[in-house]
Amino acid sequence: MAMTPFHPSRRQLLAMIGQVAGAAAMYQAMTSLGFAAESGYSGEPDLQGPRGRRRVLILGAGVAGMLAAYELRRAGYAVKILEYQDRIGGRCLTLRGGDRYTEMGGHEITCDFEGDGYLNPGPWRLPVHHRAVFDYCRRLGVPMQPFINKNNKAYLHSATAFGGQPQRVGHVEKDMRGHVSELLAKSLNQGDLDETVSVEDREKLLEGLKEWGVLDSNYRYRVSDELGDVRGWEIRPGGGLMPDKKPSQPIDLSPLLHSGLWDQLFNFHDYLFEPPMFEPVGGMDRISDAFAREVADVIQLNARVIRIAQNENSVTVSYEDGGRGGTVHQETADWCICTIPLSVLVQLEVDCSDAMRKAIAAVPYASAFKVGLEFRRRFWEQDDWIMGGISYTDLPLVQIAYPNYGFLSDGPAVLQAAYDTSTAGRTFTYSWSTMTPQERIDAALALGRRIHPQYDTEFMSGTSWVWHRVDWSLGCYGEWTDDLRDAHYKTLCEIDHRLVLAGEHCSHIPAWLEGSFLSALDAIRRLDERENA
Amino acid sequence: MLTRSLSYAVVALIVMTGGVSAQQSADPQVTQGEETDSENLLERFSEESERFTQSEGEALYRTTCQACHMEDGEGSAGAGAHPPLANNPKMNSKHFVAGVILIGYHGMPGFSGMMSDEQVAAVTNYVRTRFGNDYPDPIAPEQVEALRPPDDSD
Ligand SMILES: Cc1cc2nc3c(=O)[nH]c(=O)nc-3n(C[C@H](O)[C@H](O)[C@H](O)COP(=O)(O)OP(=O)(O)OC[C@H]3O[C@@H](n4cnc5c(N)ncnc54)[C@H](O)[C@@H]3O)c2cc1C
């Protein structure tokens, strides 16, 4: 008899460790295996599967709906997806040359990019701790490339500071560090902090500050060759008989504080934006395409869901074929997973508890827009040495993101030339959303040329996206507050008879793919448990 | 719907308004017009990032409501809808309209943090007397204030 070698899965291995050594050891092992801690993701769902033939109807072919369909089918459920659009992927999409989209209000968005550049109107970057997204990308074969979120050569810009001249991210960062180090060293040396800092700590701290802030022997942040090595050069070291190097001149503290550029640095601070970040090679829709390769055969397009009816044993969904006003059809199933954004769902007829209805109605949707511009050449690389990354400004365009692919290539390239969400409480995204597609391009050019004057001569064509003019999402994402979560979140996620909601809005990671993935995984796990209860 | 057009290579850049297009900027006369146009366009933005600085009802409408309820308050419908503000019996109540602007409604975000009582009153009165609406009872800023949620620090 042949011996079958025992290769325990990570899950089995953990269970064994748990049994033998207890929960603490298991948790430790989980962390070593890269589980836990960082994201609610704990590997592929371990579904028992249906007890007999069971049909699950999934509403919406975004990543949440497709992930649910993929895993449920693998576990033996019969699945079908109803999708309103004539395309799959939901908010996970990419615009390339030749694309057309008619937005709410009837304006046509055109994209006539001639090169291989593209605009990701929605998701565009992934932090590595979003384990579920990375694991599915690995399993479904989506190649990744680094996404440069922070580039020290990119700009921070204020229309009212430094004569409107943009400053380099690295300069602002190093100057703030230098000035703060100088101030702290001064306080320490004056004995201001004697009550808080012991003598030994004081010496260590001073030593460190000198190095960290590049302070001179008198603990001052001043121009020097040492600073040149950290901050860069006005005349860079050359070869042969080229002129002597000259260190760059730091910006003084007070103008720096008043410029607002220090605040802009905080755009890079969040854990979510910690380097390195990644993006799929070729556009964000490579992720939705990968799911579509697995489940396209169960997706029915052009099906506008209008009603979800249910009783103890089954759910019946009515939909219009071909969009609003189309012929009404019905589908019946044992279970329904609905991933339709709440902004749209609230307008449909749904049989569910009053509490769930209130939850569906409670969440406002954040506003967001993007403009993409194609230029004849990569002047940001050739003239300004900005290879990838993002520049920030207090102009209403808020940020300019440079492509993280195709470096140094000749020919056209695309900038994400304007992007904001209402998340940070700014008014601008609403104003952009009131504009026609052509006006958005005009505004992005008129504003962006103040940072990159090359816009005037190098512009080719532009495209844009306004999330509040998208009829199938009516906004960018569900904007929860702590109070709203306390009042409604749990109810929203609970299984209501035969219906469970999933998607970005049913997660603690709104506006991230990971939230959609985790929500779908959790919904199917609980559905499978109910099925087998 | 997102469609891929085969003719994109020959689609010329169509400048609908006096846009800043590469072709146009060669012509000094058009450049003149462009600047005025893009300046008008840029005036649509608030001068502050965190609050709207416009004070007139129309200017506020053009920089907020128009995004979703469209140029003439006609709204728009597909999978979901932005309801029309024209021919909408709910416009009858000024308190309802001002309340929606302050705290939002379903997917619509509220503007209480970005608009003063005066601004909310101005835009309420604007939408209730335009687009075929002709309600005779304006709302006063003090009445808006009374509608603000208690913990709303304006
Ligand atoms: C501007 C922006 C930036 C973002 N940036 C990032 C990022 O950098 N990184 C990241 O990870 N995530 C990002 N996200 C978040 C990410 O895009 C979403 O979390 C995710 O795509 C949502 O997937 P979903 O399946 O939950 O919903 P959706 O993709 O919206 O899927 C819902 C589906 O339901 C369909 N539908 C709607 N109404 C009906 C109806 N009546 N009948 C039938 N079908 C219907 C829709 O057409 C859609 O296909 C961003 C999102 C936006 C908008």
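None of the values given here were measured: they were computed from a predicted structure. Reminder, nothing fancy here: chain letters follow the sequence lines and each chain counts from 1.
Of the residues considered (A:Gly478, A:Pro396, A:Ser473, A:Ser343), A:Pro396 shows the highest number of contacts with chain B, using heavy-atom pairs under 4.5 Å. For the set B:Gly78, B:Gly107, B:Cys68, the count of heavy-atom pairs under 4.5 angstrom toward chain A peaks at B:Gly78. If you tally non-hydrogen atom pairs under 4.5 Å between each of B:Ala79, B:Ala81, B:Gly75 and chain A, the highest count goes to B:Ala79. In terms of heavy-atom pairs under 4.5 angstrom with chain B, the leader among A:Arg469, A:His468, A:Met435 is A:Arg469. Looking only at heavy-atom pairs under 4.5 Å with chain A, the residue among B:Ser46, B:Ala77, B:Ser49, B:Ser76 that has the most is B:Ser49. Here A:Ser431 is the residue among A:Gly325, A:Ser431, A:Pro341 with the most heavy-atom pairs under 4.5 Å with chain B.
In this structure, the portion of B:Met114 lying under 4.5 Å from any heavy atom of chain A is its side chain and not its backbone. Of the atoms belonging to B:Glu71, it is side-chain heavy atoms, and not backbone ones, that fall under 4.5 Å from chain A.
Note on ring orientation: taking the six-membered ring where Trp is involved, the planes of B:Phe131 and B:Tyr126 are perpendicular (angle over 60°, cut-offs 30° and 60°). Between B:Phe96 and B:Tyr105, the ring planes lie perpendicular to each other; the angle is over 60°, past the 30° to 60° tilted range. Note: A:Phe459 and A:Phe375 have perpendicular aromatic rings, judged against thresholds of 30 and 60 degrees for the angle between ring planes. Ring-plane geometry between A:Trp472 and A:Trp467 is classed as perpendicular, the angle between the planes exceeding 60 degrees on a 0 to 90 degree scale with a lower cut at 30.
With salt bridges taken as basic N to acidic carboxylate O contacts below 4.0 Å, one links B:Arg62 and B:Glu58. Under a 4.0 Å N-O distance rule, the pair A:Asp471/A:Arg324 does not qualify as a salt bridge.
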